[in-house]
Number of protein chains: 2
Amino acid sequence: MSKPAKFNREDIIHKAANLYWQKGFHATSMRNLQEVIDMRPGSIYATFGSKEGLFKEALQYYAQTGVQALHACRTETGSPLQALKLFIERSVMGSKCDTQAPSGMCMLVKTVAELTEDNADLLAEAKLSLVMIETEFAKLLTEAQTCGELDASQDVKALARFVQVQIIGIRTYAHANRDSDTIQQLIDDLFSTLAVNK
Amino acid sequence: MSKPAKFNREDIIHKAANLYWQKGFHATSMRNLQEVIDMRPGSIYATFGSKEGLFKEALQYYAQTGVQALHACRTETGSPLQALKLFIERSVMGSKCDTQAPSGMCMLVKTVAELTEDNADLLAEAKLSLVMIETEFAKLLTEAQTCGELDASQDVKALARFVQVQIIGIRTYAHANRDSDTIQQLIDDLFSTLAVNK
DNA sequence: TTTACTTTTGAACGATTGCTCAATTTTAGC
DNA sequence: GCTAAAATTGAGCAATCGTTCAAAAGTAAA
């Protein structure tokens, strides 16, 4: 009957997310997006509704990819705590070693830093995803307790929050001060702190 | 001879800095600035050259004010470590209690998060100010060593870096998740960690 | 091949952007 | 009061912004 869609939706969102991640919401123009996703305005607006609509899907895609990466770390290593460290190392080092990560900083943190209530739903979406990821950390830490890697008396929620603060701090610091030796030391210090809580 | 300048330069920069701090560089339009500083485009451009020029002065003003606040904490308390804690508490809590702080996040961190090499000199300025502030932390920690508040064997530079990472992490986390009890606990945890290093 | 329906295109819209500059206003010295 | 110099004004520029929509292109069933 009808003409089938030419574009792969996920591929488009992936490309859009990378551009938004690199340049931020306001500095990314629709014409910038048109180029990297190779679509004309009409198609973009028919598919995503607005610049905000596309950004929202990009945020969701980014967060979902992050959670998947964490789960991947879990299956790669036998230990929950090792999985956490692997995830952090990959997150922080990402933009250094990889050829692909558009920014050393977390896209959710960049979004929370850039946007205000003028884009309330995008801001809420980013905050929600941060909560979701912190919850994933908590799950991993609970698992670490049952494995005996972590003392059962520890407050898992507080520890997950602590880990979240550390990752935000380290990645942001690394983005402002690119020095790989220093960064690795910060990560090691973090996990020696966690080891104290064992 | 000539007509004297009507405006107070520092007052203008203060107002501009607050708007930039709140909305970020890209989301702040020159017309927004015209309103809050009550100047017409011609005067603004004659005085500051460009949107970037004004932002640069705003950054410098912000950083200078921050350093002054730290020094004020030092003179208010007898202890260097107490001064540091006071500074952090005021920085983090600022936007909660005060009526004036435009954002819970550090303006330098917001800038580093938002800008790219498209605004290379503004980015460099923000990074430089962060280094400067970290150096101030190091001075305070060295003083803490001579006072005997901190073990002399500690690596002051590493500790200053650690403090910087913590402040960035906590303030950013607080900005994304406004809950004062949680935040105070994070600060207390930080200083109990520093106490271990005594 | 025709028909029915969907996707894609890209010129172009009104609004807003950062910024300019000729005209005006305001002062201080003569 | 007049003049010279500097500060201020604000209409308006070219460029870019996010977005729209009539036209063109494409596909599958009839």
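The figures here come from the full heavy-atom set of this structure, side chains too, leaving out hydrogens, waters and symmetry mates. Quick note on labels: first sequence line is chain A, next is B, and so on, each numbered from 1.
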Determine whether the side chains of [X] and [Y] contain a donor N or O and an acceptor N or O closer than 3.5 Å.
{"X": "A:H26", "Y": "B:E114", "result": "no"}
{"X": "B:Q184", "Y": "B:D188", "result": "yes"}
{"X": "A:N32", "Y": "A:S29", "result": "yes"}
{"X": "B:N18", "Y": "B:Q22", "result": "no"}

Starting from [atom2] on [N], measure out to [atom1] on [X] and report it in whole angstrom.
{"X": "A:F55", "N": "D:dC17", "atom1": "CZ", "atom2": "C1'", "result": "17 Å"}
{"X": "B:F48", "N": "D:dT8", "atom1": "CZ", "atom2": "P", "result": "11 Å"}
{"X": "B:K3", "N": "C:dT26", "atom1": "NZ", "atom2": "C1'", "result": "5 Å"}
{"X": "B:D38", "N": "D:dT9", "atom1": "CG", "atom2": "C1'", "result": "12 Å"}

**Check: A:Q60 and A:I13 side chains under 4.5 Å, non-hydrogen atoms** = no
**Request:** Would you indicate whether the side-chain heavy atoms of B:Q185 and B:D181 approach each other to under 4.5 Å?
**Result:** no
**Asked** From A:I44 CD1 over to A:Q34 CD, what is the distance, rounded to the nearest 0.5 angstrom?
**Response** 5.0 Å
Which residues pass the side chain to side chain donor-acceptor pair (under 3.5 Å) test with [X], sequence neighbours left out?
{"X": "A:K51", "value": "none"}
{"X": "A:Y61", "value": "A:H14"}
{"X": "B:K157", "value": "none"}

**Message:** I'd like to know if B:E76 and B:R90 make a salt bridge, using a cut-off of under 4.0 Å between side-chain N and carboxylate O.
**Reply:** yes
**Message:** I'd like to compare against my own output: the B/S/- annotation of nucleotides 11-20 of chain C with a strict under-4.0 Å heavy-atom distance to protein.
**Reply:** BB----BBBB
**Minimum-distance nucleotide to B:K6 side chain [options: D:dT8, D:dA25, D:dA6]** = D:dT8
**Prompt:** Where along residues 111-122 of chain A does a heavy atom fall under 4.0 Å from DNA chain C?
**Reply:** none
**Item:** Sub-4.0 Å heavy-atom contacts from residues 7-15 of chain B onto DNA chain D, ordered by number
**Value:** B:F7
